Engineer: 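This is the structure I have questions about; it appears just below.
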Amino acid sequence: MNLRIENLGVELDGFALKEVNLELEKGDFCALMGPTGAGKSVLLEALVGLVPLKTGEIYLDGKPLSGLPPEKRGISIVYQDYALFPHLSVRDNIAYGLRFRKVGRSDLRMAELLSRLGLEALLDRFPSTLSGGEQQRVALARALVIEPEILLLDEPLSALDPNFRQDLRRHLKDLHGVGGTTFLLVTHDFPEALSLARHAAVMVNGRIEQAGKIEDIFLHPVSPLVADFVGMKNLFAVEFSETSARIKGLEIELGRKPDTERGYIAIRPEDLVLSREPLSSSMRNSFAARVREVRSHGFYAEIDLEINRLVFTAVVTSRALLDLKPQPGTSLHLAFKATAVHLIG
Amino acid sequence: MNLRIENLGVELDGFALKEVNLELEKGDFCALMGPTGAGKSVLLEALVGLVPLKTGEIYLDGKPLSGLPPEKRGISIVYQDYALFPHLSVRDNIAYGLRFRKVGRSDLRMAELLSRLGLEALLDRFPSTLSGGEQQRVALARALVIEPEILLLDEPLSALDPNFRQDLRRHLKDLHGVGGTTFLLVTHDFPEALSLARHAAVMVNGRIEQAGKIEDIFLHPVSPLVADFVGMKNLFAVEFSETSARIKGLEIELGRKPDTERGYIAIRPEDLVLSREPLSSSMRNSFAARVREVRSHGFYAEIDLEINRLVFTAVVTSRALLDLKPQPGTSLHLAFKATAVHLIG
Amino acid sequence: MRKESFLWLALASSFLVLLFILVPLLRMVSAPSLAALRATIIDPEVLRSLWLSLYTGISAALICFVFGTPLAWLLARSEFRGKRVVEAIVDLPIVIPHPVVGIALLGLVGKNFWFGRLLHEFGLRLVGNPLGIIMVMTFVGLPFYLQSAKEGFASVPPRLEHVARSLGASMFTTFFTVTFPLARRAILSGIIMCCARAISEFGAVVIIAYHPMIAPVLMFERFQSYGLKYSQPVAVWLIVVCLLLFVSLRLVGRGPERTRSGGAR
Amino acid sequence: MRKESFLWLALASSFLVLLFILVPLLRMVSAPSLAALRATIIDPEVLRSLWLSLYTGISAALICFVFGTPLAWLLARSEFRGKRVVEAIVDLPIVIPHPVVGIALLGLVGKNFWFGRLLHEFGLRLVGNPLGIIMVMTFVGLPFYLQSAKEGFASVPPRLEHVARSLGASMFTTFFTVTFPLARRAILSGIIMCCARAISEFGAVVIIAYHPMIAPVLMFERFQSYGLKYSQPVAVWLIVVCLLLFVSLRLVGRGPERTRSGGAR
């Protein structure tokens, strides 16, 4: 294991991290997700060595870090607000760390980063003359040129304009392949994590709720909190009987028999199929529903539908919206496969 | 016309509004959209009377406003950062304007707003103890209790957490129905405008590029700038011949004959239909394409496809993604109706 | 280890600085015997000078408050050509050597200038008079009040004023219901700093008015006539009176605020 | 109309305040004849006192810079119990009446206290000596330097320091390559304010050292011995020298910054 966080606890102004455990392999790209105030940034600060640990230990390549000051840890950080040195040129910003860490072939390394990030033309400029996207690329170069063991990214995209965001996302993917550096990306945006990371951990209230492959978290959230966070809108507390789940008189076919009698089921909004007429299809669950509300979001729209006072949210493209023409109060048919129903907790 | 802006010009620190014309009917809900820095907030400040006009005039119910100080205009404003008075309780904040404007039945009006916005329990609290969503509801009540002619909303949702955002959006819709107040909402978020407003104006570089019904702007943008802003990703400069458009050897059927020889065409990403096998359908345009990149965004994914070095972007649901399994380099079939092709400019 | 040595160095240097400020003051306060202190505070000359220092200082601070507040507001809220020049002018009284201040004011209101003679004809005696002392104190105290009040006004978000205007409040009402209440603490701090600076002034006052004697002048006279030992008790009492004044001002200023935001976390 | 009347009132009051500060100074500067000014500046006693004022003031500012910088940094960067007490202590020299400062320092280093006698035995004479003047000036100038330097450090985002640390810089190196360069302007301002306050001091210096005479003391003596007219030229020259010093310091401090961010918009 490259990075191992063991039973880490931090207390800070009444806010606390508790029993945080996490392991990252060398060269991994892990996303640390969670709602605002979950403690993601505090965990990063603990890794860098800026806040004292109350319990636990952090190991890097097996060596404990807790005695080491930030400058001895080999952990670089990139902040949301770039944090470039305003009194230094782009060149001096990027080269800042090189005088402290002896990096072999640092000239080559620097040249390669500059060319990959398209920064050659900006070397003599000062940070205040750069766009947000350019500044963040400089910050990335500065953090990576010293070949850190770990690169921490604290919501590096969220201050950027959408156009730059996409651009930087591509750069991040690109750079991750090159060195052996492990990336740990903090974000409160699940789609962003999904598009970048291989593994992920979801943090809620100072604890890690779930960690693992990002697809697994997306497909099999272990708790309602995680389910809600990864966009499983249709989350219901149900009673199981045989291979079906019951809630408010509604019987939902699961196609398999759960271990417990009670639990949660969740269905992704995009797994709900809507139609004006009942579909004759292989989908095991099909109901007549009443439209409650339609929220258009440009590319896609969310439709709230009611069945027996149970509200389902479906996502359809704006295109489909024009075909379905759903109006609050009218009826539509709603169907979904038994395999689209996820059992939680 | 309730509000008429005629040939308005403003100069401010090197930034300028030029020849702004806009008309709003009484009780309208209009969205003022545009990228950051387009001058939307400056226009609001000109309406409130905080920046001097260089040219033009603003008429409210036919009367010119330019001589009037802000307090005589009958135009309320709600800011992104709430701008509540921190030294006054919620009650005193909301009632602040009532001592200056004689509003009939102000008690009734206040009681109704409090109940609609769910603020009754918060009356004795101070702003610093409220959540962002609560603060914005108080700001709304404060602005509306004096029954202004016009309510200006300066990105009222963008500082809120996504959960509160939806909640406040509903409140805005609800409140708009009640009084006769005209709403003018500034946003740089097209989906937000689409879900709230009836009419819209798109502002770019200090000018109004297009104004009209919001659906018309969505469906028929007049310029590439507007098209890009409302999410028309597939925008190409083409030559027309008969009822088709040519670009890089590709011939796209339009189903109608354009007036000009050259121009732009745009196709919404969600109007592109993807399939693994060629579809035998009524769609007039069908091509084999190579997948270049797939970007997942949770509910939906964007796929870049290449045909003759022309890049198309399609939007599909995550569900469809699992069926199509597109990998960079593989082939897919891309089709769209002739009616999905929009002629611009 | 290196990290700690840097911190220790900083701590050591800081301690040195604090000791340098505190030790002389503590030594002075502890030097006079209680008997000497008691004898001093019933000396009518001392009482008169303390009282004179207090009321001239407070008057100067109030004058700064009344006339300085509009200027502080303008400096915080508006941009205009020559603003930096105005700010430099406002800071001048800090930079001007204290006897120079006295000489400059005396040159204006003294009898060898027409303006001074004019004042004198109207019965307005400033030289050797509490009014003259207040004038000098206002001069040296102004920058301290303006600085603090300006910062106070600048920290009130202009948006709050815009909202108040759009809700129907005039510029005047907006100032008194929004801007001023929110800048209250800074304004009070400014008044206290201004008052403190005024009461501490010696070099400028001594030129305009050796008599009636404010406390610092009395102290100086006793030092020159009788030596260190006889000036120390007056110094102690002056410091005690000033501390009482400032602490009570702070308490008065803080009281209402607490009640008001009682619901705040 | 109401809006305008409010603005006019504010403008009128502001003008009054600016006139109150400027007119006495302008009157004083214009009062002495050119001949008197010329005669004054070749007077060796005046030259000596100006030079003494300058070098003691600059020395005091440099001492504040060297010993005060760590304290300013700690106050800007760390939270600790009793921080408000430390801040109050640091502000004390502003509030203490000037002769009291002199009396307090004299009480410590004078011959009727063991510490003073100890210093004297080691050959360190402070009373009636430039060293004593520097000590007094350091005392009164400290708060001005600390205030400005503290604000300068506080305005440097801690994140920049965190990044520097994570890139391998020690606390020490981070301070000298990031924190200090970014707070440079505020530190320079602090040095200038401190120097100005030091040179302007009179009441405290006159108690520790009437001789050798700094310029304000000389001015005071000429005022007392010969009257207003003979003190004005010295005052004018002192002001001219101070202004030259501060303007050149500002220019020196600004020069490199401009070159460096030459590419900035």
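Just the heavy atoms: all of them, side chains too, but no hydrogens, waters or symmetry mates, feed the values below. Below, chains carry the letters A, B, ... as their sequence lines are ordered, and counting in each starts from 1. Everything quoted here is computed from the prediction, not taken from an experiment.
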Engineer: Below 4.5 Å from any heavy atom of chain D, which atoms of C:Leu92 appear? Answer side chain, backbone, both or neither.
Structural biologist: side chain
Engineer: Looking only at heavy atoms and a cut-off of under 4.5 Å, which of C:Leu11, C:Leu22, C:Leu16 has the most pairs with chain D?
Structural biologist: C:Leu22
Engineer: Nearest 0.5 Å, please: how far is CG in D:Leu71 from OG in C:Ser13?
Structural biologist: 7.5 Å
Engineer: When you check the gap from the basic side-chain N to the acidic O, do C:Glu161 and C:Arg165 get nearer than 4.0 Å?
Structural biologist: no
Engineer: Given side chains that start at C-beta, do those of D:Pro93 and C:Ile21 come closer than 4.5 Å, heavy atoms only?
Structural biologist: yes
Engineer: Does any part of the side chain of D:Ile192, heavy atoms only, come nearer than 4.5 Å to the side chain of D:Phe144, both counted from C-beta?
Structural biologist: no
Engineer: Which bit of D:Leu106 comes within less than 4.5 Å of chain C, counting heavy atoms only: side chain, backbone, both or neither?
Structural biologist: both
Engineer: Quick one: which of C:Ala72, C:Ala198, C:Gly107 has the most heavy-atom pairs under 4.5 Å with chain D, could you say?
Structural biologist: C:Gly107
Engineer: Identify which part of D:Met193 has an atom lying under 4.5 Å from any heavy atom of chain C, answering side chain, backbone, both or neither.
Structural biologist: side chain
Engineer: Residue by residue, which of residues 213-222 of chain C have a heavy atom closer than 4.5 Å to a heavy atom belonging to chain D?
Structural biologist: C:Pro216, C:Met219, C:Phe220
Engineer: Most heavy-atom pairs under 4.5 angstrom with chain D, which of C:Ile207, C:Leu238, C:Ile94, C:Leu75?
Structural biologist: C:Ile207
Engineer: Are D:Thr69 and D:Phe153 close enough that some pair of their side-chain heavy atoms sits under 4.5 Å apart?
Structural biologist: yes
Engineer: Please state whether the rings of D:Phe6 and C:Phe175 are parallel, tilted or perpendicular, taking 30° and 60° as the class boundaries.
Structural biologist: tilted
Engineer: Do C:Val127 and C:Lys111 have side chains that approach each other closer than 4.5 Å (heavy atoms only, starting at C-beta)?
Structural biologist: no
Engineer: Please classify the contact of D:Leu105 with chain C as side chain, backbone, both or neither, using a heavy-atom distance under 4.5 Å.
Structural biologist: both
Engineer: Is chain C contacted by the side chain of D:Phe246, its backbone, both, or neither, given a heavy-atom distance below 4.5 Å?
Structural biologist: side chain
Engineer: Residue by residue, which of residues 136-143 of chain C have a heavy atom closer than 4.5 Å to a heavy atom belonging to chain D?
Structural biologist: C:Thr138, C:Phe139, C:Leu142
Engineer: Can you check whether D:Ile133 reaches D:Ile208 side chain to side chain, under 4.5 Å on heavy atoms?
Structural biologist: no
Engineer: Go through D:Phe15, D:Phe115, D:Phe67 and name the one with the most non-hydrogen pairs under 4.5 angstrom from chain C.
Structural biologist: D:Phe67
Engineer: Quick check: do D:Val46 and D:Leu50 have side-chain heavy atoms less than 4.5 Å from each other?
Structural biologist: yes
Engineer: So how far is it from D:Cys194 SG to D:Arg197 CZ, rounded to the nearest 0.5 Å?
Structural biologist: 9.5 Å
Engineer: Would you indicate whether the side-chain heavy atoms of D:Cys195 and D:Ile199 approach each other to under 4.5 Å?
Structural biologist: yes
Engineer: Is D:Leu74 in contact with chain C via its backbone, its side chain, both, or neither, using a 4.5 Å heavy-atom distance?
Structural biologist: side chain
Engineer: Report which part of C:Leu243 has an atom under 4.5 Å of a heavy atom belonging to chain D: side chain, backbone, both, or neither.
Structural biologist: neither
Engineer: With the side chain counted from C-beta on, respond yes when D:Leu54 and D:Val241 share a heavy-atom pair under 4.5 Å apart, and no when they do not.
Structural biologist: yes
Engineer: For the CZ atom of D:Phe202 and the OG atom of D:Ser53, what is their distance to the nearest 0.5 Å?
Structural biologist: 11.5 Å
Engineer: Nearest 0.5 Å, what's the CZ-CG distance between D:Phe20 and D:Leu25?
Structural biologist: 10.0 Å
Engineer: Side chain, backbone, both or neither: which part of D:Ile239 has an atom under 4.5 Å from a heavy atom of chain C?
Structural biologist: side chain
Engineer: Measure the spacing between OG of C:Ser231 and CZ of C:Phe223 and express it to the nearest 0.5 Å.
Structural biologist: 6.5 Å
Engineer: Give, as side chain, backbone, both or neither, the part of C:Ile103 having an atom under 4.5 angstrom from any heavy atom of chain D.
Structural biologist: both
Engineer: Between D:Asp91 and chain C, which part of the residue has a heavy atom less than 4.5 Å away: side chain, backbone, both or neither?
Structural biologist: neither
Engineer: Once rounded to the nearest 0.5 Å, what's the spacing between atom CD1 of C:Ile96 and atom NE2 of C:His98?
Structural biologist: 10.0 Å
Engineer: For C:Val90, which atoms come within 4.5 Å of any heavy atom of chain D: side chain, backbone, both, or neither?
Structural biologist: both
